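In what follows, a structure is listed as structure tokens, so that the remarks can point back to it.
Just so it is clear, the values below take in all heavy atoms, side chains as well, and ignore hydrogens, waters and symmetry mates. None of these values were measured; they are calculated from a predicted model.
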Amino acid sequence: MYMDKKINYELERFYPGFDRKKLWDLFVDPVAWTNSEFLGGEITIPKPGKGHPQGLGAVRSLKSGRMTIVEDIVGFKPYEYFSYATHDG
């Protein structure tokens with residue numbers, strides 16, 4: 001079954017004073033992301049994006065255990081904006 005879900009996190013509201021660059025670098029680095037406490041698994045980039053492997057138009061696949069999620073990168077502005085649509089892989 002195909003499902004879309006849009007989630008908007010306003011991190012500054014929940015984490016005032018967080019390091020925006022550190023968080024951004026985690027989001028766009030598949031090795032750092034999969035080695036973090038957030039996701040133990042694997043991220044692959046079947047389709048690189050424009051101007052950056054995880055830029056606009058990229059497709060990334062997140063696999064953790066038996067679960068796979070595919071993300072289409074629909075917004076990418078370094079240190080400001082990162083948006084994606086998810087669906088089953």
Which pair of non-hydrogen atoms, one from Thr86 and one from Ile69, has the smallest distance, and what is that distance? CB-CG2, 3.9 Å

Interatomic distance, Glu42 atom CD to Ser64 atom OG [nearest 0.5 angstrom]: 10.5 Å

Give the intermediate values and the outcome of salt bridge (charged side-chain N to carboxylate O under 4.0 Å, His left out) for residues Glu71 and Arg60. CA-CA 5 Å; Glu71 298 178 341; Arg60 53 185 207 175; 2.4 Å; yes

Nearest heavy atoms of Ala58 and Gly49, plus distance in Å: CB-N, 3.4 Å

Decide yes or no for Thr68 and Leu62: does some side-chain heavy atom of the first lie under 4.5 Å from some side-chain heavy atom of the second? no

Asp25 side chain near Tyr79 side chain, heavy-atom distance below 4.5 Å: yes

Tightest non-hydrogen contact, residues Gln54 and Ile73, listed as O-CG2, 3.7 Å

For Phe82 and Phe76, take the angle between the two ring planes, folded into 0 to 90°, and tell me which bin it lands in: parallel under 30, tilted 30 to 60, perpendicular over 60. perpendicular

Is any side-chain heavy atom of Thr44 closer than 4.5 Å to a side-chain heavy atom of Pro46? yes

